[in-house]
A.B. asks: 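Input: one structure, supplied below.
Basis for what follows: all heavy atoms, side chains included, without hydrogens, waters or symmetry-related copies. Numbered from 1 within each chain, the chains take letters A, B, ... in sequence-line order.
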Protein chains: 4
Amino acid sequence: MQADLQKRLNRVIGQLGGVKAMLDDNRYCGDVLVQLAAAESAVRSISSRLLQNHLETCVVEQIQRGNVEVVDEVMQLMRKFSR
Amino acid sequence: MQADLQKRLNRVIGQLGGVKAMLDDNRYCGDVLVQLAAAESAVRSISSRLLQNHLETCVVEQIQRGNVEVVDEVMQLMRKFSR
Amino acid sequence: MQADLQKRLNRVIGQLGGVKAMLDDNRYCGDVLVQLAAAESAVRSISSRLLQNHLETCVVEQIQRGNVEVVDEVMQLMRKFSR
Amino acid sequence: MQADLQKRLNRVIGQLGGVKAMLDDNRYCGDVLVQLAAAESAVRSISSRLLQNHLETCVVEQIQRGNVEVVDEVMQLMRKFSR
């Protein structure tokens, strides 16, 4: 998963570099906004992948050890992402 | 505005580079997710700034020239961002 | 459009009444949450329809009369919906 | 919690009834949209409360019984809400 996430992060960084170039070239705002929406959606998708992994490993382990407070941490993370 | 957007884009690219480093260092997923949520929120804020500018300039001009179809384009952009 | 929106609002109100009944019957939370997500999505879809109509009529008219401040109002609305 | 959720659901149903009345009275779309955004936000807040309870009770119990597949169900719910 690590390699997949690094690859996806590189791709988003590339997309944002592309947005910088579009702004430098005074490209039509509507087109720049479509690229920004794609970058945001890619970041969201990386987060979702990592969150799933976090739940399946760390969170399950913590709960099985009786540390149920980890649920509060999960709720706080989820609130950050549902804005 | 151009300079401000470029600065903000550089900052998000830096944040995402930081996330890559955190993954390489096997940092706690919960912490990585907080950084990803911050990066996503920064991208959203850049889009919102650019969208406001787009509406205030291009869209207003198009509508004043009678090209009201630009409203459809705005709705499509807004749907991309309200996912 | 008026009749369509009223029908859709009645449907959401019905869905939320259904959620109340599910809670009374102590139904499985996961199932209740699926219904709530559907209701939220229906409200979002009604807003999107009304917003499109608002842009195509009131906002276009205001801009054509030279009242470009209406764009600020649109941005404020969009921020409420992109949370 | 049950009583609190029922009260909140009644309030949202009342808000949506108010939106119906505003449409009947041909009120300004911008004002109707503000009320719809408030209703959507109230539904989201009810879901968040119920989801927290779901995680703290059912999900923790399932994980402690070794039924880790419940995590997939949680991820599916979260995806519905992060649209």
Side-chain angles (χ1 to χ4, degrees), chain A residues 1-26 28-59 62 70 73-74 76-83, chain B residues 1-26 28-59 62 70 73-74 76-83:
Chain A
M1 191 189 69
Q2 192 79 344
D4 172 61
L5 289 177
Q6 293 284 4
K7 206 162 59 181
R8 291 208 214 180
L9 283 163
N10 286 337
R11 209 179 305 138
V12 181
I13 290 170
Q15 282 176 301
L16 293 172
V19 169
K20 283 170 57 65
M22 289 176 88
L23 288 172
D24 273 337
D25 295 349
N26 285 308
Y28 178 60
C29 299
D31 293 339
V32 182
L33 283 163
V34 169
Q35 290 306 307
L36 276 170
E40 187 183 319
S41 173
V43 175
R44 165 70 54 122
S45 158
I46 293 168
S47 300
S48 174
R49 184 78 193 76
L50 189 60
L51 179 57
Q52 179 164 10
N53 186 261
H54 181 50
L55 292 177
E56 286 170 357
T57 57
C58 306
V59 175
Q62 293 295 315
V70 77
E73 191 200 294
V74 170
Q76 280 171 34
L77 277 173
M78 281 164 67
R79 288 209 185 89
K80 283 190 202 301
F81 287 105
S82 68
R83 270 178 312 185
Chain B
M1 191 188 71
Q2 192 78 345
D4 173 61
L5 289 177
Q6 293 283 6
K7 207 160 60 180
R8 292 207 213 180
L9 283 163
N10 287 335
R11 211 178 305 137
V12 181
I13 290 171
Q15 283 177 301
L16 293 172
V19 168
K20 282 171 56 67
M22 289 175 89
L23 288 172
D24 274 336
D25 295 350
N26 285 307
Y28 179 61
C29 298
D31 293 339
V32 182
L33 283 164
V34 169
Q35 290 307 307
L36 276 170
E40 187 183 319
S41 172
V43 175
R44 165 69 56 122
S45 159
I46 292 168
S47 301
S48 173
R49 183 79 192 77
L50 189 60
L51 179 58
Q52 179 163 10
N53 187 260
H54 181 50
L55 293 177
E56 286 169 357
T57 58
C58 307
V59 175
Q62 293 295 314
V70 76
E73 190 200 293
V74 170
Q76 280 171 34
L77 277 173
M78 282 164 65
R79 288 209 185 89
K80 283 191 199 304
F81 286 105
S82 67
R83 272 179 311 187

A.B. asks: Under a 4.5 Å heavy-atom cutoff, which of B:Ile46, B:Asn53, B:Ile13 has the most pairs with chain A?
C.D. replies: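 Highest number of heavy-atom pairs under 4.5 Å: B:Ile13.
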
A.B. asks: Nearest 0.5 Å, what's the CG-CD distance between A:Leu16 and B:Gln15?
C.D. replies: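 The CG atom of A:Leu16 sits 10.5 Å away from the CD atom of B:Gln15.
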
A.B. asks: Chain B: which of A:Val43, A:Leu36, A:Leu33 shares the most heavy-atom pairs with it under 4.5 Å?
C.D. replies: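 Heavy-atom pairs under 4.5 Å are most numerous for A:Leu33.
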
A.B. asks: Which bit of B:Gln6 comes within less than 4.5 Å of chain A, counting heavy atoms only: side chain, backbone, both or neither?
C.D. replies: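 Contact with chain A is through both the backbone and side chain of B:Gln6.
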
A.B. asks: Could you go step by step and tell me if B:Asn10 and A:Lys20 meet the side-chain contact (heavy atoms from CB on, under 4.5 Å) rule?
C.D. replies: CA-CA 9 Å; B:Asn10 287 335; A:Lys20 283 170 57 65; 2.8 Å; yes

A.B. asks: For a 4.5 angstrom cut-off between non-hydrogen side-chain atoms, does B:Gln2 reach A:Asn26?
C.D. replies: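 Contact flag for B:Gln2/A:Asn26 side chains = yes.
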
A.B. asks: Could you tell me which non-hydrogen atom of A:Gly30 sits nearest to which non-hydrogen atom of B:Glu73, and how far apart they are?
C.D. replies: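 Taking every non-hydrogen atom into account, CA-OE2, 4.0 Å.
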
A.B. asks: Is any side-chain heavy atom of A:His54 closer than 4.5 Å to one of B:Val32?
C.D. replies: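 No, their side chains stay 4.5 Å or more apart.
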
A.B. asks: Would you give the length of the straight line joining atom CE of A:Met22 to atom CG of B:Leu9, rounded to the nearest 0.5 angstrom?
C.D. replies: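 Between atom CE of A:Met22 and atom CG of B:Leu9 there are 11.5 Å.
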
A.B. asks: Find the distance between OG (A:Ser45) and CD (B:Glu40) and round it off to the nearest 0.5 Å.
C.D. replies: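 The distance works out to 10.5 Å.
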
A.B. asks: So which of A:Val12, A:Val70, A:Val19, A:Asp24 has the largest heavy-atom pair count under 4.5 angstrom toward chain B?
C.D. replies: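 Greatest number of close heavy-atom pairs with chain B: A:Asp24.
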
